[in-house]
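Computed from a predicted structure; not experimentally measured.
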Amino acid sequence: MNYYSLIILSAILFEYATNIIANFLNFRTLNSKIPKEFENVFDDVSYEKSQLYSKAKLKFDIVESTFGLLVLIIFWFTGGFSYLDDMVRSLGCGYIFTGVIYIGILLLARAILSLPFRIYSIFVIEEKFGFNKTTPKIFVTDIIKGTFLSVLLGGPLLILVIALFENVGPTAWLYCWIASFIFIIFIQFIAPTWIMPLFNKFNPLPNSDLKKSIFAYASSVNFSLRDVYVMDGSKRSNKSNAFFTGFGKNKRIVLFDTLIQKHNVQELVAVLAHEIGHFKKKHILSGLIISILHLGLMFYILSFFLSEEKLFDAFYTKNVSVYAGLIFFGLLFTPIEFILSLFMNAISRRNEYEADRFAVETIGCSQPMIDALKKISLNNLTDLTPHPFYVFLNYSHPPILHRIQAISRFHK
């Protein structure tokens, strides 16, 4: 075991232990007392149900992460990476396609190993707590469509990255970054109109008081809005949500049908105002820029390790290759990725507070937003009192209780 092995193994174990500690701390915050802000929303039965749901998800996360860690360590230290490399090289498919096959097999193996956990999560946990609407047919077709898109869109990018690093030399990282940047922008433009409709139906919001109210609000904040779309989220889950996606003429604000069913017009306008707030505050653009800079940093650092023999020795692999180096570097990058994820989550939580504030200030009152958040917490059985350390590690959104308290502070 060389120093690369020690760094990677230590980072993986540290991240695992940190998440386990966070999960156990979160268990301790679960109690039978309803926070006073939610006493008029949750009754004893619904609150107990939300606590049981949180416990079930925490236990499931511990089991899944432990299994994943054990599989990785066993595969690593029994020479699995080297064995797979020798096997794909023996096929004689040429360097680039050998790399595609190597990475493809690893991704397929991970998908297969995660499949029982996906099934249990959807058809046992979500079913038990009344959320699941996914049928076995939808589940299977989602997998088929997702795999097809991964191969169709991700395959050519992977081929290009391997070819560039193999043939261009020291500046290959820059060309890979540019190619990935173009790819990301391309996906952002086609996702709303080409990719997402493969999985869900998106219908324009029918003419109604809701639509009139939404367009009146959008006009009041000078937001160009061609239409609002309703997504059939109920085909997979009873949970409700809303989101903003796309750029330019392809940008969309989407409301789940479950959200519309459970909220009044004022609350829905508040939710939409929050999504517009993300656009007005340039959260989407800044998130995209950060992602692109992160990608560039990763490719730049990667360029120094693809020919580092000791990195390959750490995984008992005798042949130095770009494709295996991509996998090994991904594991070596674990501590940096872990730190970056904390940074990104912190920015995301700040953005949520800003979008809430924008919504409340532009609507002129706080109650619709507060009522909407309370109903969402009830409908989704949200954990109302997560431990701060668990939030720090895992939450891209602030806890709903904190959002309500922040709204009450800046709009009294």
Side-chain angles (χ1 to χ4, degrees), residues 1-16 18-19 64-65 67-85 88 95-96 98-114 150-151 153-166 172-177 179-181 183-184 290-317 319-344:
M1 180 179 287
N2 62 25
Y3 58 86
Y4 280 112
S5 300
L6 290 173
I7 291 171
I8 295 169
L9 184 60
S10 298
I12 291 172
L13 292 176
F14 174 78
E15 184 176 357
Y16 170 78
T18 302
N19 280 298
E64 185 177 23
S65 59
F67 176 80
L69 176 67
L70 291 175
V71 168
L72 173 60
I73 290 176
I74 291 171
F75 186 76
W76 176 1
F77 289 101
T78 57
F81 290 105
S82 178
Y83 174 79
L84 178 61
D85 189 36
V88 297
Y95 185 83
I96 292 177
T98 294
V100 172
I101 294 170
Y102 182 86
I103 293 175
I105 290 174
L106 289 175
L107 293 176
L108 179 62
R110 186 175 68 175
I112 292 172
L113 290 173
S114 68
S150 297
V151 173
L153 299 174
L157 182 63
L158 176 61
I159 290 171
L160 181 60
V161 168
I162 294 174
L164 287 171
F165 273 116
E166 178 63 19
W173 72 271
L174 181 59
Y175 292 105
C176 287
W177 184 23
S180 299
F181 166 74
F183 177 80
I184 290 172
I290 291 172
S291 297
I292 291 169
L293 291 175
H294 164 245
L295 195 61
L297 173 67
M298 186 184 69
F299 275 126
Y300 178 69
I301 299 174
L302 169 65
S303 66
F304 292 100
F305 290 95
L306 282 180
S307 58
E308 177 58 58
E309 292 186 6
K310 290 185 178 180
L311 177 60
F312 289 80
D313 290 341
F315 291 92
Y316 310 104
T317 301
N319 298 305
V320 175
S321 63
V322 171
Y323 56 82
L326 293 173
I327 300 296
F328 301 156
F329 175 77
L331 294 169
L332 178 64
F333 202 63
T334 296
I336 298 176
E337 199 66 55
F338 179 65
I339 294 170
L340 287 175
S341 71
L342 299 179
F343 173 71
M344 292 299 294

Under the 3.5 angstrom rule, does the side chain of W76 hit a backbone N or O of V71 as a donor-acceptor pair?
no
Has S10 got a side-chain atom pairing as donor or acceptor with I7's backbone, closer than 3.5 angstrom?
no
Tell me, please, which residues at least two apart from F67 pass ring-ring contact (aromatic ring centres under 6.0 Å, His included).
F117
Taking the side chain as every heavy atom from C-beta outward, state whether S321 and Y95 have any pair of such atoms under 4.5 Å apart.
yes
Identify, with sequence neighbours excluded, every residue that meets ring-ring contact (aromatic ring centres under 6.0 Å, His included) alongside Y102.
Y323
Does the plane of the ring in F165 sit parallel, tilted or perpendicular to the ring in F299? Use 30° and 60° as the thresholds.
tilted
So do L158 and L326 actually touch side chain to side chain, heavy atoms under 4.5 Å?
yes
Can you tell me how the ring of F305 sits relative to the ring of Y4, calling it parallel under 30°, perpendicular over 60° and tilted otherwise?
perpendicular
Nearest-0.5 Å distance, CG of residue L306 to CZ of residue F328
11.0 Å
Quick one: does W173's side chain get under 4.5 Å of M298's, heavy atoms only?
no
Using the six-membered ring wherever Trp is involved, compare the ring planes of Y300 and F304 and label them parallel, tilted or perpendicular (cut-offs 30° and 60°).
perpendicular
Nearest-0.5 Å distance, CG of residue L340 to CZ of residue F343:
8.0 Å
Any side-chain to backbone donor/acceptor pair from T334 onto L331? Under 3.5 Å, distance only.
yes
Yes or no on side chain to side chain contact (heavy atoms under 4.5 Å, CB included) for Y316 and F81, after CA distance, side-chain angles and deciding distance?
CA-CA 7 Å; Y316 310 104; F81 290 105; over 6 Å; no
First locate atom OG of S180, then atom CG of L157, and finally report the distance between them rounded to the nearest 0.5 Å.
4.5 Å
Nearest 0.5 Å, please: how far is CG in L332 from CG in L302?
10.0 Å
Working to the nearest 0.5 Å, report the span between CD of E15 and OG1 of T18.
7.5 Å
